Structure formats: C-alpha cells, structure tokens
Asks: 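Provided herewith is a single structure, encoded as structure tokens, for subsequent inquiry.
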Number of protein chains: 2
Amino acid sequence: MASESSPPAGPSNPATPRRRPTIREVARRAGVSHQTVSRHLKGDTTVNEQLAATIQDAIEALDYRPNLVARAMRNHRTGRLAVLLPPGSAISSLEILSGAKEIADAGEYVLEVVTVSGSAEMRDRRALELRDSRLFEGVLALTSLSDLPQPDDARVPLVTMPLYDEAMRGIGALASAGPEHEIISRLAGMGHRRFLHLAGNYAHAGAVRRRDMYLQTIEELDLESAGVVDCGWDGDAARRAVVDLPADSGITAIIAANDILATAAVSGAIRRGWNVPEELSITGWDDTRVAAVTTPSMTTVAVHHAELGRRLMRHLLDVVASRRRGADDASDPAPSPLEDDWRLAEVIWRESTGPAPQTPPAR
Amino acid sequence: MASESSPPAGPSNPATPRRRPTIREVARRAGVSHQTVSRHLKGDTTVNEQLAATIQDAIEALDYRPNLVARAMRNHRTGRLAVLLPPGSAISSLEILSGAKEIADAGEYVLEVVTVSGSAEMRDRRALELRDSRLFEGVLALTSLSDLPQPDDARVPLVTMPLYDEAMRGIGALASAGPEHEIISRLAGMGHRRFLHLAGNYAHAGAVRRRDMYLQTIEELDLESAGVVDCGWDGDAARRAVVDLPADSGITAIIAANDILATAAVSGAIRRGWNVPEELSITGWDDTRVAAVTTPSMTTVAVHHAELGRRLMRHLLDVVASRRRGADDASDPAPSPLEDDWRLAEVIWRESTGPAPQTPPAR
DNA sequence: CTGAAAGCGCTAACAC
DNA sequence: GTGTTAGCGCTTTCAG
C-alpha cells in the first residue's frame, strides 16, 4: 500500500486547515511500519539504531509532533493533573499552587487549574465530570465538595482537601488560628494584661476563628479583653478604633486579624503619639511582604502555603501511582496528606511587640 | 446483538479498575442507537422528546459521563486553552490570569497554566508541542519565544505576548515606566527640585526602565538628581540610604522603585525625624494592598494586570474563533491585543507626597 | 427523525 | 527486532 490514497480527509476543500503529519506519514517516509515509529517515540531501545536515526530524520523533515489526544485515548495517560478551585484569586492559592507545581513538575506532570463555581451540587458534578473526562490522571479539589461518590476502584483519583469556600475564602487548615494562642501567651509572659482585638470580616472563617481563639486564650490565661472591634478588613476602621480609644483604656497590646489592620493600628497609635512597641504592642497576620519593612517592623504570622501545596501534591501523586499499580483497595492506607506534627503557620516576632510598659499610656 | 460479548476489554483480571460506562451502554439501556445518545448529549433537539427522557434516565442510572478525550479526537474541540508562563510565581501573573480566566469562562473555555522552562530553544519546542498536542484549542504564551514558525494555517493558534522573561521577571509592557514621568513632573509642579531614586534589582527590566525614566525625566525637566541608590529590592538598603543621607542633601522627594523600598524609606525618614510628606515626599510602585493604610498612605503606581489579562484573552479567543471559521489568511487582520490608547498603569496619589517644603530639612 | 458504517491517531497485543 | 491487526469512545457522513 504505497500512497494510502493520498490524505484521506478533506484536502478537496481549500479552506480546510493543513493536517498535521501523523505517525504513518513518518513511517512511510522512513520506510518502516508506523508501529516502529511509535516504539521509537516511546524511547524503546530495541529499535535498530540505524532505523532510529532514519525515523528521527523523517520526524524532523515532516516537523512531526505527537497528537496527545490520540495517545491518551489509547494508553490513558495525559500527564496532566487538575486542581479545582472556586472562582476568585487569593495570594495564598498562588503560593499553594506554586508549591504543588514544584512537585508535579518533578513527577513529569502538568497542572491545570480549573475553576468550579455554582452551588455545591453543581461543583460536585463538575468535579466528577473532570475526574471522568479522561483528560487528567488525578484531581485535587481544594474546595469543599459536599458528597463525593468515590468508588475506590475509580481509575482517576479525586483527592479533596477543603481549603477554600465557594468564594475563595480560606477554611479548614487555612483558617486555623493556633498561632494566636502563642502570640497572646507570649505577650502575657512579657507582662501584658489588657488586650484589644481588631477582627476581620466574619464572612471569612479565619477571622471568626482568630476572634474565638483570642477570646478563648484571654479567658484561659486569665487576662482582660477591652473588646473586639469588627473591622471587616477595613484599615480605616482599625485606625479609627485606635484613635478613638479612651485615654484610660489600659490596653497595652492589640491583636489584629491581619497585617493591614495591624499596620493601620500602628498608624492610629502614631496619631495618638504612642510609641510602638514601648507603649503599645501590635501584631498582625499573613506576613505580608511589607510587614518586614514598616516602622516598626511587624510581628505577624507566616503561613507556609507553598509547603502545604507540596504536601498535597505529593499525596495526590502517591494515590495516582498506587491506582496505576492497580492497588487493591485495602492494601493502600493512603496516609493523610497532612499527617505528622508539621506546623502550617509560624509566628514571626519583630519590632512591633515588646514588654508591657510600666504604666499604660494615658494622655 | 444483545450482550455485545460482555465488557470487551479486561474484566478477566480482577485488579483492573472498573471501566466507565460508554455511550453504547447508555444506548443499549435506552433501547436506541449510540448515535442517538450522541445527538442527545450534543443538545440536538431533533431527538424525540420521549426518547430524550429515556436516554437521560439511562445516563443517570449508569452514572455516565462523557470521555472528553475520545470526543476531542473526533471533533477537535477540548474546550481548553493553554497559557504559557516561565517557572516561578509573580503576583502580577495571578492577576493577569484571573482576568484572562474571566474572559475564558465567558467563552466556555477552561484555562490551563503551563510552565515552560529551559533554554529559549527548549521553550520554543515545548510551545509547539503544546500547540500541536491537540489538547488545546489555542495557546497564549506570556513568555518570549525566540522563533515561532507560525504557518498561518495551523489549526491551533499560538499567540505570543512576552510579559515575563525566563525567570518570571516582568518585561515588555509589564516593565513600562511611563508613570514615573507623570510622578516626577507633578512633583516638580509642586515645587520639588532635588530628587533621589531608590532603584530595584537591575536583573528586572522594570527596575532598569524605572531608573532610566527617572534619569531621563530629571534631565528633561531640568531638575537635579542627588543620585541613584541600588537597593536591589532590599528594604534595609533603602532605609539605610535615607538614614545615611547627608544633612544638607537638599533632597525633597524620593522616587522608590516599589512599595517595599518606599515603605522602608519612610521608615528611614521617621528615624531621621523628618515628616512625610511635609519635609520629604516619597513614592512607590505596585499599589500593594498595605500601601493604602501605612502612615502616611503611599503614593504609588497601580498596574491593571487583570484588565491586561482580559484583553489578551479576548484577543486569543478572537483568533481561535476566526481560525475555526476557516478564515483565509488575509481576511483577518487580527488586531493587536493592546491597541488603542488604553493605559496599563495609573498613578495613585496619596498622603506620602505633597508640596516641597520652603526649606529642605537640615538637622 | 433515527440507524449503520467509517475512522480520528495512536498503542497494546500478538505474530513473524 | 519489526510488522499486522484491532480497537480506545466518540462524532461525522450518509442512508433510510
């Protein structure tokens, strides 16, 4: 069969875009069977060296590049993983993705970030569609999926780790407020007794958890709270809260829900003529890049997003690999991606905190 | 043909993962041909309503979900677009992607962000592999590609807009320094004569362009420069530069290459006992989120990354659509994605800038 | 309006 | 070592 009846499809129509060369055309040009070309492409070394060179020449002459869709159809490998996120963008997600990508790269996988929106039901459906689209070898959902029929023998694993709610606000591990306890107890150790909390927007689980942790720790350590101000991430509100503080409030430490509120609080303190930290300690959250260079530099909480992404991706790759090996259900306990006593967040102590003043500022 | 010889492939091996139902199984269950199922799935309304309902039932009973790989093989549509970026993460890229995603969503496309690394040659090759992988209907490269054989009849368009160099540092439009001119000339209008520039890391094209624009504008407007300090994005260096300024420098305005340097410069000024902006004006770049809440709030430059992403994606979708229509080469001028007089960046005037002092600070 | 046949480009399995 | 055959799951084309 020499000419294979010229390009089988289409060139009768002039508007048709040029067909890309296929493996068969390469084979014909190299004088071998298409199968041998396939082997060569796969890196199969059983192919005669001479032939391999001839084939390589043909590939280059024809500017051949493999059709990954066709390949995937046969061998079920696309080299791609999907990461599901709700719509919106959060810097933390960028960092998580960059950590995840690092691991995926090492495993020769490409990451596709897919946004899923709509109701919980719709998102579930989208997730399953993706899982069964065969476009991916694994799916990592960073948003909560209400109900996931995961027949453990599904070819493509779907790993769920709810880190974001439907509006891309951190939840679960991302909203954990543990470090707040560390901050307050250490400040207490430095003599602070009376605190104020500048809370964020309660639509964010993190803001709620930090406020609750604040109140809980105050009570646990037998300290005093002068109150919780609902700032809703609004810097102006935080600044005003400080500016409007009664002269005799007795507050010596302010726990802000993030660096913006903390920076604004410093601004208010400056306005009052209070020195930070000599007369007032202030803490933030997020370890924003500027937090290190403000005056004073800000004590805050760094969340290790990239490492979180790495861990999640390692877990997904494990599951993918075990599925590929055809692991029996029970044989593979699939350890939790976040096991052991790893700390997701860490307090960064800087200049904005210090020992409590002998007498609280009162002017 | 009733039983179709039971699942054709594999169930002899117990470890084999369960096969997903196919269109044929749905068809058999609904008592129609697989073709009719295909039509129904496509939303073809010529299918009898009764039948459509029966088919839908079968789909649900079997928990059928289409194999997008098989579908793509036939109709060359995957509903996916690739965005190429160099390795690394930049917040600006997050914003660009989020704008691009917005438009892609509206066009029912999913975006895949693919990292391309290695030498220029290797990146070129990767880009072409992706273009011809048939996994995508279009490719948007935000990194520079040295040499792209773009046969205008290629089925899948590859649009290139070099915004990042191989290490994810902004170049091209992203490094444009235009607003620096606006800042300096307006400050000049407020009486400032003697300036200082805190430059960033010159590995970044943006840092170089801002420095050049600074020098050029100083000369053009017949102002004085007290010098350029190479801070390399290091806040400490910027702070020191201000702290170490001679008492009689005569400087009344500092142009910092980004908000971190600017914030650190403010910190240095505070250390010197200089009031900002009464005695010294300071400007940044990036419009970081905290820039609005520092004391004083920071005059800076906001770059409209998301809008840039939207425009680029609109352009790509245009090209994809015209290719799909089988446009003849010349018929479609494919206008530049960034045409007209749209402004990518904008100066945000805040409290850190003001009229020049009567006499420069000297203490 | 519905069914049958053909084939997208590739690789797994088996011959030779 | 290399060639032949079959078929992945779907849609397109063409009959009816």
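What you are looking at is a predicted structure, and each value in this text was computed from that prediction instead of being measured. Residue numbers begin at 1 in each chain, while the letters A, B, ... track the order of the sequences.
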Asks: Could you tell me whether the side chain of B:R39 has a donor or acceptor atom within less than 3.5 Å of a complementary atom in the base of C:dG3?
Replies: yes
Asks: Measuring from atom CD1 of B:I103 to atom CZ of B:R310, what distance do you get when rounded to the nearest 0.5 angstrom?
Replies: 6.5 Å
Asks: Rounded to the nearest Å, what distance is computed from the CZ atom of residue A:R28 to the P atom of nucleotide D:dG3?
Replies: 15 Å
Asks: So, is A:S38 near the phosphate of C:dT11, with a side-chain N or O under 4.0 Å from OP1 or OP2?
Replies: yes
Asks: What is the distance, rounded to the nearest whole Å, between atom CD1 of A:I23 and atom P of D:dT4?
Replies: 14 Å
Asks: Of the residues in residues 70-81 of chain A, which ones touch DNA chain D at a heavy-atom distance under 4.0 Å?
Replies: A:M73, A:R74
Asks: Can you tell me how far apart CG (B:L81) and CG (B:L140) are? Round to the nearest 0.5 Å.
Replies: 8.5 Å
Asks: Side chain of B:Q35 only, please: which of C:dT2, D:dT13, C:dT11 is the nearest?
Replies: D:dT13
Asks: Decide, yes or no, whether a salt bridge links B:E25 with B:R29 under the criterion of side-chain N to carboxylate O below 4.0 Å.
Replies: no
Asks: Rounding to an integer number of Å, can you tell me how far B:H40 NE2 sits from C:dG3 P?
Replies: 14 Å
Asks: Is the phosphate of C:dA4 approached by B:S33 (side-chain N or O, under 4.0 Å from OP1 or OP2)?
Replies: no
Asks: Measuring from A:K101:NZ to A:L94:CG, what's the distance to the nearest 0.5 Å?
Replies: 8.5 Å
Asks: I'd like to know if A:R65 and A:D63 make a salt bridge, using a cut-off of under 4.0 Å between side-chain N and carboxylate O.
Replies: yes
Asks: From A:R134 CZ over to A:H76 NE2, what is the distance, rounded to the nearest 0.5 angstrom?
Replies: 6.5 Å
Asks: Is there a side-chain polar atom (N or O) of A:T46 under 4.0 Å from OP1 or OP2 of D:dT2?
Replies: no
Asks: Indicate, with a heavy-atom threshold strictly under 4.0 Å, whether B:L41 touches base, sugar-phosphate, or nothing.
Replies: nothing
Asks: Without hydrogens or angle criteria, can the side chains of B:R123 and B:T143 be said to hold a donor-acceptor pair below 3.5 Å?
Replies: yes
Asks: Please state how far atom CZ in A:R24 lies from atom P in D:dA6, giving the value in whole angstrom units.
Replies: 13 Å
Asks: Is any N or O donor-acceptor pair between the side chain of B:H34 and the base of D:dT11 shorter than 3.5 Å?
Replies: yes
Asks: Just wondering, are more than 12 heavy atoms of other shown residues or ligands nearer than 6.0 Å to CZ in A:R125?
Replies: no
Asks: In plain terms, say whether B:E137 and B:R155 are close enough for a salt bridge, that is, a side-chain N and a carboxylate O under 4.0 Å apart.
Replies: no
Asks: What does A:V69 touch in the nucleic acid at a heavy-atom separation under 4.0 angstrom: a base, only the sugar-phosphate, or nothing?
Replies: nothing
Asks: At less than 4.0 Å, is any side-chain N or O atom of B:K42 found next to OP1 or OP2 of D:dT12? Yes or no.
Replies: yes
Asks: Going by salt bridge (charged side-chain N to carboxylate O under 4.0 Å, His left out), name the pairs with one or both residues in residues 40-60 of chain B, residues two or more places apart or in two chains.
Replies: none
Asks: So what is the end-to-end bend of the helix from C:dC1-D:dG16 to C:dC16-D:dG1, with 5 pairs used at each end and the value given to 10 degrees?
Replies: 40°
Asks: Roughly, in whole Å, what's the span from CG in A:L68 to C1' in D:dC8?
Replies: 16 Å
Asks: Rounding to an integer number of Å, can you tell me how far A:Y64 OH sits from C:dG9 C1'?
Replies: 8 Å
Asks: Name the closest nucleotide to the B:T22 side chain, picking from D:dG3, D:dC10, C:dA4.
Replies: D:dC10
